[in-house]
Trainee: 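The structure is given below, and queries will be raised subsequently.
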Amino acid sequence: SEIRENLTYPIFGQAIRELAQTIADDGYEPDIILSIARGGVFVAGGLAYALDCKNIHLVNVEFYTGVGSTLEMPVMLAPVPNAIDFSNKKVLIADDVADTGKTLKLVHDFCLDHVAEVRSAVIYEKPQSLVKCEYVWKRTDDWINFPWSVEPPVVRREGQILDA
Ligand code: 5GP
């Protein structure tokens with residue numbers, strides 16, 4: 001499909017407030033927000049302020065393409081969060097989007113073994129996601145352009161930056 005869901009930074013700010021309000025209204029008060037890097041870091045930071053939660057953790061998840069490259073599985077990269085930090089804690093997993101849901105499932109299953117309770121919050125959830133998040137701002141079937149990844153990385157402008 002050529003249709004794009006375009007999230008801008010201003011709309012992102014609005015989405016975070018609305019998502020946080022839904023979580024608060026539901027009575028969930030997380031001790032820890034666990035962000036999935038990199039997109040989930042933006043979501044976690046916003047939710048942490050809006051929910052007045054000062055404890056943010058981070059997990060790096062990347063897709064590993066296996067031999068033959070037909071199987072695509074997400075993997076947690078080192079350093080993996082310390083399970084002791086999560087014991088008997090209420091955790092909120094934060095990510096930008098649940099698409100296949102494989103990334104969220106990996107992190108969710110990791111948490112299940114350690115925590116008192118775990119729930120997930122995403123800005124977007126797609127219909128095919130095998131994880132159904134407790135908190136979703138918007139459901140879409142379209143490809144999403146996120147403001148932090150819609151533009152390519154900056155490149156150095158040769159000769160324009162003077163050494164101190
Ligand atoms: P999963 O398929 O495991 O749910 O999603 C894994 C990752 O793929 C997401 O965290 C996100 O980085 C990327 N992704 C999935 N769907 C989209 C999309 O519609 N737009 C963008 N920009 N990234 C996506």
Side-chain angles (χ1 to χ4, degrees), residues 1-20 22-23 26 28 30 32-51 53 55-81 83 85-86 91-115 117-155:
S1 167
E2 300 149 23
I3 304 167
R4 293 282 189 281
E5 168 80 17
N6 281 297
L7 186 69
T8 63
Y9 275 117
I11 301 297
F12 164 69
Q14 211 176 299
I16 287 297
R17 291 297 300 187
E18 292 174 11
L19 191 57
T22 305
I23 297 166
D26 197 40
Y28 194 56
I32 290 173
I33 297 179
L34 176 58
S35 62
I36 304 179
R38 291 172 286 175
V41 174
F42 295 88
V43 181
L47 288 179
Y49 273 108
L51 296 172
C53 174
N55 201 346
I56 300 181
H57 288 242
L58 184 150
V59 59
N60 281 283
V61 176
E62 209 160 80
F63 276 109
Y64 170 75
T65 308
V67 181
S69 67
T70 45
L71 261 185
E72 206 181 39
M73 293 283 287
V75 289
M76 288 171 62
L77 303 181
V80 169
D85 295 336
F86 295 159
V91 174
L92 181 69
I93 301 172
D95 207 356
D96 47 5
V97 51
D99 190 318
T100 64
K102 286 180 183 174
T103 299
L104 264 165
K105 189 181 188 310
L106 178 77
V107 177
H108 190 267
D109 288 353
F110 169 81
C111 286
L112 271 186
D113 298 335
H114 307 295
V115 305
E117 191 172 1
V118 57
R119 298 185 189 180
S120 300
V122 291
I123 308 178
Y124 293 103
E125 186 177 277
K126 301 198 182 179
Q128 68 268 20
S129 175
L130 55 90
V131 168
K132 301 303 170 198
C133 296
E134 283 81 1
Y135 308 111
V136 177
W137 178 67
K138 190 173 178 181
R139 296 173 198 284
T140 184
D141 208 3
D142 302 326
W143 183 260
I144 306 144
N145 287 335
F146 289 103
W148 42 85
S149 55
V150 72
E151 294 184 88
V154 296
V155 292

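In listed order, ligands and their atoms are each counted from 1.
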Trainee: How many angstroms lie between NE2 in H57 and CZ in F86, if you round to the nearest 0.5 Å?
Mentor: 5.5 Å
Trainee: Determine, considering heavy atoms only, which of Q128, K102, K126, E5 sits nearest to atom 19 (O) of ligand 1.
Mentor: K126
Trainee: Could you find the nearest protein heavy atom to atom 3 (O) of ligand 1 and give me its residue, atom name and distance?
Mentor: T103 OG1, 2.6 Å
Trainee: Among protein heavy atoms, which sits nearest to atom 7 (C) of ligand 1, and what does the distance come to when rounded to 0.1 Å?
Mentor: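 It is F63 CE1, 4.1 Å.
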Trainee: Under a 3.5 Å cutoff, is there a donor and acceptor pairing between the side chains of Y135 and R119?
Mentor: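 Y135 vs R119: donor-acceptor pair found between side chains.
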Trainee: Under 30°, 30 to 60°, or over 60°: which ring-plane class applies to Y9 and F12, parallel, tilted or perpendicular?
Mentor: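 Answer is perpendicular, since the angle exceeds 60°.
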Trainee: If we count only N and O atoms by modelled type, under 3.5 Å, do the side chains of N145 and E5 hold a donor and an acceptor together?
Mentor: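 Side-chain D/A pair, N145 to E5: absent.
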Trainee: Could you see which bit of D95 sits under 4.0 Å from ligand 1, with heavy atoms only: side chain, backbone, both or neither?
Mentor: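 Side chain only.
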Trainee: Give the contacting part of L104 toward ligand 1: side chain, backbone, both or neither, where contact means a heavy-atom distance below 4.0 Å.
Mentor: neither
Trainee: Tell me, please: is G39 in heavy-atom contact with ligand 1, that is, under 4.0 Å?
Mentor: no
Trainee: For atom 11 (C) of ligand 1, what is the closest protein heavy atom, and at what distance to 0.1 Å?
Mentor: V97 CG1, 3.8 Å
Trainee: Would you check whether P74 reaches within less than 4.0 Å of ligand 1, judged by its heavy atoms?
Mentor: no
Trainee: Just to be sure I read this right, does ligand 1 sit under 4.0 Å from the backbone of Y124, its side chain, both, or neither, counting only heavy atoms?
Mentor: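 Neither part.
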Trainee: Give a yes or no answer on whether the side chain of Y28 reaches the backbone of V91 with a donor-acceptor pair at less than 3.5 Å.
Mentor: yes
Trainee: Is atom 13 (C) of ligand 1 less than 4.0 angstrom from some protein heavy atom?
Mentor: no
Trainee: For ligand 1, which is the ligand I care about here, please tell me if F146 has any N or O atom under 3.5 Å from one of the ligand's N or O atoms.
Mentor: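 No - when backbone and side-chain N and O of F146 are compared with those of ligand 1, no distance drops under 3.5 Å.
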